[in-house]
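Working notes, beginning with the structure itself.
Every value quoted in this text rests on a predicted model; they were computed, and no experiment measured them. Chain identifiers are assigned alphabetically (A, B, ...) following the order of the sequence lines, protein sequences preceding nucleic acid strands; residue numbering begins at 1 within each chain.
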Protein chains: 2
Amino acid sequence: MPKVSDAYRAARRDEIIDAAVRCVLRDGYRGVSMSAVIEESGLSAGAIYGHFSGKQELLVAVAERVLDARQADLAAARNDGAPLSPGEIMATLIGGLRQEQLSHVIPQIWAEAPLDDDVREVAGRIFGQVQALLRAELAAWAAAEPGRVDGDPHEWARLVTPVVVSAAPGYLIQRAVLPDFDEDAYLAGLLQVYRR
Amino acid sequence: MPKVSDAYRAARRDEIIDAAVRCVLRDGYRGVSMSAVIEESGLSAGAIYGHFSGKQELLVAVAERVLDARQADLAAARNDGAPLSPGEIMATLIGGLRQEQLSHVIPQIWAEAPLDDDVREVAGRIFGQVQALLRAELAAWAAAEPGRVDGDPHEWARLVTPVVVSAAPGYLIQRAVLPDFDEDAYLAGLLQVYRR
DNA sequence: GTCTATAATAGGATAGAC
DNA sequence: GTCTATCCTATTATAGAC
């Protein structure tokens, strides 16, 4: 029987992850040091190591936290009325990313994926979930708009989903790299590309 | 008058950068240590520090090397005949990335951009150059295919370029993150999306 | 310009008290 | 579970010989 409640443990764990996220935003995924997290959290070394066995385990938890938040964006892209067009779906998804400070960490997680199997597993899983929902939406749209696409709607959706979803990484990377990136123009361009 | 020729200096510099690139491919951009570069290069600490004042300066040089190679991809996408369609342009560009081992480093450079102003400058400059060429190609295609797009071809190209170019980051990220990413299907999807 | 050796520091992780 | 104090390793960078 644990000495403290599970809820307390979980809350502490979240507190530590929050501090680690702030460190990652400031110093980069690889650049965070345990001492920085300790300082940022206001806790002590013992407190952190009681919850996470080391730096890697803590950072994987950060990756999971950041990427899990994408589920909210998926929900926002859902629509109970007529199926959304590809451009509308992606504009909604990217609108969600735009609000979240957390989204600035995502490119760093992608960069870490080839170097850390645990990170890659988390990143691949979430990315796959985003793709699955997008594919379903695209298939629904294609089925509702006969003549816009040729062939079976599901087959079409399977093929184009990886390309359509690329608008999200493209947005995040350009925002990170281009000094004068125009976010509004990007969303407008998205609707323009998928106009037909 | 320098004690050794400029050509010799430049060759040594390239040699060091080559070794550093191999280290980055193995350990990640942030994960490279000077001692690893020293070992990989077969040189000594003194030899490296004679050419680069420190780790950051060396890594910025690596970023410049990796991204500069994209100019070759740009040239490959050029076509003296009829203007290429958006899908064909991007398929050519991505075909170039696919060949190059070096391209695996690009996502890591993008992730570093927000943390290092020098890296951001290099990354933004090259990305801007890619966009400029792509925009010109898109405008030429739009002008040659009246009715495919509405409005002024140049205005249309300005708006859609950031979205079209996203296929490149999308490709690199999915390749890095998804265990069963199908590169051929991605290229096929690209042609499908921009079919009309 | 390059080498060997080393100084100086920062980082990850642990031990033991409470 | 958490805190303080500390160990040990790895890392960046320099000094001085050749």
*Taking all non-hydrogen atoms of both residues into account, name the closest pair between Gly124(A) and Leu178(B) and its distance.*
O-CD2, 3.7 Å
_With a sphere of 6.0 Å drawn around CD of Gln71(A), does it hold more than 12 non-hydrogen atoms of other residues, nucleotides or ligands?_
yes
_Could you tell me how far apart His51(B) (NE2) and dG1(C) (P) are, to the nearest whole angstrom?_
7 Å
Report, one line per pair, each donor and acceptor closer than 3.5 Å where one atom sits in a side chain of residues 42-53 of chain B; sequence neighbours left out.
unit_1, atom_1, unit_2, atom_2, d
Ser44(B), OG, Ala47(B), N, 3.4
Ser53(B), OG, Glu57(B), OE1, 2.7

_Atom pair distance, as rounded to whole Å: CG in Leu59(A) and C1' in dG11(C)_ = 13 Å
*Cut-off 3.5 Å, side chains only: do Gln174(B) and Ser166(A) have a donor facing an acceptor?*
yes
_Can you build the contact string for nucleotides 3-16 of chain D? Use B for base contact, S for sugar-phosphate-only contact, and - for no protein heavy atom under 4.0 Å._
BBB-----SSBB--
*Would you mind reading off the distance between Asp6(A) atom CG and dG1(D) atom C1', rounded to a whole angstrom?*
14 Å
*Closest to the Arg9(B) side chain: dG1(D), dT2(C), dG1(C)?*
dG1(C)
*Could you check how far CD1 of Ile16(A) sits from P of dG1(D), rounded to whole Å?*
11 Å
*Please check if any side-chain donor atom of Arg148(A) sits under 3.5 Å from a side-chain acceptor atom of Ser85(A), or the reverse.*
no
*With distance as the sole criterion, is a donor-acceptor pair present between the side chains of Tyr171(B) and Glu183(B) under 3.5 Å?*
yes
